[in-house]
Structures are given as structure tokens and as C-alpha cells.
Amino acid sequence: MSTQVQFLNGLNTIGGNVVSFTQGNTRLVMDFGVNFAPAETPTGDLLADGTLPALPDLFTDVDSDMATTIFVSHLHLDHMGALKYLTKPTDVYMSQASADLYQVLTELGTESAPNATIKVIPFETPMMFGDFEVTFFETDHDARGAAAIRVRDGVHTFVHSGDVRLDGPHPERVNHWADILREAHIDLFLLEGTEFSFDADDETEHVRHTEMSVQQDFGQILDEHHQLVVINPYERNIDRLEALQNTARLHGREILWDKQFATIMRAMGVADVKEIDWEAVVADPNHYVVQNHFNQLHDLDQFDGQFVYLHMNGEPLGEYDPRFAELQAYLDANHVELQRLGASGHAKPEDLVSLAQHVNAQKTVTWHSFKPEKEAEALRKVGLNVYLPTKGETLVY
Ligand SMILES: [Zn+2]
């Protein structure tokens, strides 16, 4: 029986990339994100305008004889944000760490997908779904539990890279799965291309930071300043939160977290997490680092501009979010500089080229990028066979 590989979404956007593998009435869908969907927009409109993948039976009461299983490579919104729109109970497989994080986010009310039946697939443990075999490989991205996903139909091998980087703390994980894929002479490799999205000008302007350099710079800033340091990290980057807490302690400070962050960190096994105690902070500000979410920005009023503000990939992430201007205005009014101290979860362009070259698939598809054609060009230059599908296109194997 042939396998149909259909590209449902996210071909020239960062995230929201969805592909399905179908054989008979077995359908595997991965990932399951949305890029941007205002909360008030009805599901039918999101389906009609293509924000949601064109899988109407999953989002309406239309019946279907397809047996669908969803796979989530990691727990960022652009890879799982569509789960909440599911209208029928559907199995959703993810790694153990992703499932743990999903559970605490659900308890906190941050995530709510009543029809998503979360199931765990351990790394490097093939599982059968109809005639498909699916295997998750642990990878390196700025989300704990992130995976690359291999699908085999008995004859062909297809791989969804998920989001990946090679200058993170665990390049050996990526090299490991890349070695396995190289040996397997895979048919189709779907490769993210986030860092190909930006113009050369932007690239030369910004120095590449890594998780390791973030910690070094953070330690240095703590040493240089004798006032309160405020950080704005992302609550789903557990490994970074844990590292920040350790770095702060090495430099004689304690990080105090808000209730939400503290709950998530404890649920994910981070030890000795301390919550905000403003009285203690006011009494001895240079002994502390306080994590601040945009929603609680005005907690900082009491410091009258006497603090350092480190933006560490928390919300609002950038200028495209209208809240960013608000944050900037607040800091300006307080004469505090917004210092960016973050790192990308995505591989540098040259690392993506090396990765694709190493895997050496029969066919590589570039997506999860504003400029997949730029990535395609770079890969073709090194002799790879690259294909740029259009939205909705199906390849038959
Ligand atoms: Zn992504």
C-alpha cells in the first residue's frame, strides 16, 4: 500500500508546520501548532482561512473513518497550539518531559485541550500505528523533551526534524540521530529553517548567543551590579530556568519566582525553588534576582527605576507583539535599559546545511521558515535534492 505525505501547513512560516502520513485509514499527523490565532476567532473561521490545518473532521462534527493519531515534537505553541480546537477524543503522543510539562500547564489553566488524550512515547522506542512505525529521538531545542520524529512504512523512511540546534548544551543528541538517519538512507527529510528567515543585515548585527553564553553573561551582570536584577524568561524553557537559578547562587544571589513559574519548575523536578517575597527583596535588593512576567510589570513600581532588566526570551518576545511597546515604554519611563539576554533554540544556517548534508536524504524539504527557498538554495549548493512543496500538496511513496 502506498503512503501519502501531505503538507498541511507552515511551509513558509516559523512554526505551525503540519504534515500527515496516510495509509488506508491510518493517519499520523505531526506537529499540531498554530502561529497566531486570536482567542475570539471561531474555529470554523480558523479552518476556513487556513490558520488550522485542513483536517475538518478533527475540528468539526463531520464524521470520518480515518483513525488519526497526533504527534507533538515539543511543547511550544507553534507545535501544539491547535490541540485545544480538537472536537473529538484523539490520541496525542509526546515525550515524557513534554507530557509532564503539559500536565502542569493544564493544571495551571495555561493549556486546555479537553479532547487531547495525552500519551507518552519513550525515546528510541518504536511504536506501531497501523502499518506505520514511529520513533522519537531526543534532540536539542530550547524546550525540554524535544524530539525529532522518524516514520517508517516498511519500505520508506520519513523524518520530521522538529526544531533543532547544534550549538546548544546537547549537540551529541542531534549528532546521534543524524548518524542513525545517515545509515538508514532515508527517503524524505523535513528540515526546519528558522534561522534562514532573516536578512544578512540582521545576521551581522546580532552576535550569536548560546545557552552557555547566556549563563556567563548573566553571572557577569550579577557581579557588575549592586541593585535588584529582574529577569523575563520563558516558563517552558525549564533547563534555562534551572541553570539561571544555579548561576545566581554561584554569584551570591537567590532568584525568586512567581507562583506560576515556581509551580512549573517544581513539577518538572527543579529543587529548592523560592517564591517572591517583596519584603525581603526591598530590604536587600542586591541579594536577589526577581523573575517578572509582563502581567506583573507594575510590581516593579516600588523600585523606582532602581533595577536592571534582562529580557530572556519571555513574553512579549518582540516588536510584533503590541505588548512589547508597552514594556519598552514602562522601562523608558523608569530610565531602565531593556537588555536582551537570550539564545535561539534554532540552528545557525551553516549548521542546518551540515546537518542536512550529513543525513543525506533522497529528498529534503525545507520549511518552518519565512524563507524556505533560501534554505533550499543553500542545500542545493552542496548537492542535495531539495523540494519545496506547496500548501496542501501530497507526495506519494
Ligand atoms: Zn517551532
Side-chain angles (χ1 to χ4, degrees), residues 8-10 13-21 26-64 66-122 127 129 134 136 141-147 149 160 162-163 234-238 260-261 263-265 267-268 293 295 315 317 368:
L8 290 157
N9 226 350
T13 53
I14 294 180
N17 45 341
V18 184
V19 62
S20 68
F21 301 91
T26 304
R27 179 170 62 189
L28 315 183
V29 181
M30 61 189 72
D31 277 309
F32 213 63
V34 280
N35 274 319
F36 181 71
E40 62 278 11
T41 312
T43 306
D45 292 0
L46 296 174
L47 195 53
D49 72 11
T51 303
L52 289 173
L55 298 164
D57 55 302
L58 300 184
F59 301 114
T60 64
D61 51 14
V62 169
D63 276 332
S64 163
M66 296 302 287
T68 300
T69 310
I70 295 170
F71 299 82
V72 170
S73 67
H74 64 283
L75 228 52
H76 284 161
L77 290 173
D78 60 322
H79 295 262
M80 44 72 73
L83 293 176
K84 65 179 179 192
Y85 300 102
L86 287 170
T87 48
K88 302 179 187 83
T90 308
D91 287 348
V92 180
Y93 280 82
M94 56 181 71
S95 69
Q96 182 69 59
S98 293
D100 292 345
L101 182 56
Y102 190 82
Q103 190 184 332
V104 64
L105 292 171
T106 302
E107 283 162 14
L108 286 167
T110 308
E111 290 296 343
S112 172
N115 283 309
T117 309
I118 306 299
K119 302 207 164 176
V120 170
I121 179 165
M127 286 182 74
F129 300 87
V134 178
F136 273 42
H141 181 47
D142 55 345
R144 189 181 285 183
I149 306 174
H160 166 35
D163 290 357
Y234 185 43
E235 68 269 22
R236 300 189 188 200
N237 192 349
I238 308 300
Q260 191 206 13
F261 272 65
T263 305
I264 293 170
M265 290 167 73
M268 295 303 288
H293 190 277
N295 292 343
E315 293 178 286
L317 202 51
H368 192 289

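Computed from a predicted model, the values in this text were never measured in an experiment.
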Student check: side-chain heavy atoms of Leu47 and Pro56 closer than 4.5 Å: yes

Nearest atoms (heavy-atom pairs only) where Leu55 meets Phe59: O-CD1, 3.4 Å

Spatial distance of atom OG (Ser20) from atom CE (Met30) [nearest 0.5 Å]: 9.5 Å

Residue pair Arg27 / Thr68, side-chain donor-acceptor N/O under 3.5 Å: yes

Asp31 (side chain) donor-acceptor with Gly33 (main chain) under 3.5 angstrom: no

Heavy-atom donor-acceptor pair, Arg236 side chain to Leu75 backbone, under 3.5 Å: yes

Where Met94 and Phe136 come nearest, the two heavy atoms and their spacing: CA-CE2, 4.0 Å

Any donor-acceptor pair under 3.5 Å from Arg144 side chain to Met268 backbone: yes

Asp61, CG: over 12 other non-hydrogen atoms inside 6.0 angstrom: no

Side-chain H-bond candidate by donor/acceptor type, His293 with Glu315, under 3.5 Å: yes

Note, Leu101 side chain near Gln96 side chain (heavy atom, < 4.5 Å): no

Atom of Ser98, atom of Gly145 and distance for their closest heavy-atom approach: OG-O, 3.7 Å

His160 and His368: CA distance, side-chain angles, deciding distance, ring pair (Phe, Tyr, Trp, His ring centres under 6.0 Å) verdict: CA-CA 11 Å; His160 166 35; His368 192 289; 8.7 Å; no

Working for ring pair (Phe, Tyr, Trp, His ring centres under 6.0 Å), residues Tyr93 and Phe129: CA-CA 11 Å; Tyr93 280 82; Phe129 300 87; 5.0 Å; yes

Check: Glu111 and Met80 side chains under 4.5 Å, non-hydrogen atoms: yes

Worked check of side chain to side chain contact (heavy atoms under 4.5 Å, CB included) between Leu77 and Val34: CA-CA 7 Å; Leu77 290 173; Val34 280; over 6 Å; no

Minimum heavy-atom distance between Gly15 and Thr13, given as atom pair plus value: O-OG1, 2.9 Å

Heavy-atom side-chain contact between Gln103 and Ile118 under 4.5 Å: no

Exam field: side chain Asn9 to backbone Gly50, donor-acceptor pair closer than 3.5 Å: yes

Close side-chain approach of Val19 to Phe71, heavy-atom, < 4.5 Å: no

Met265 side chain near Glu235 side chain, heavy-atom distance below 4.5 Å: no

Test log, rule side chain to side chain contact (heavy atoms under 4.5 Å, CB included), inputs Phe32 and Leu58: CA-CA 11 Å; Phe32 213 63; Leu58 300 184; 4.1 Å; yes

Ion pair Asp63/Lys88, N-O distance below 4.0 Å: no

Side chain to side chain donor-acceptor pair (under 3.5 Å) evaluation trace for Asp163 with His76: CA-CA 10 Å; Asp163 290 357; His76 284 161; 4.9 Å; no

Min side-chain heavy-atom separation Leu108-Gln260 under 4.5 Å: yes

Where Leu8 and Pro53 come nearest, the two heavy atoms and their spacing: CB-CB, 4.0 Å

Non-hydrogen atoms of Val104 and Ile264 that approach each other most closely: CG2-CA, 4.0 Å

Check: Thr87 side chain, Thr60 main-chain N or O, donor-acceptor pair, under 3.5 Å: yes

Pairwise side-chain contact, Leu83 with Val92, heavy-atom cut-off 4.5 Å (strictly under): yes

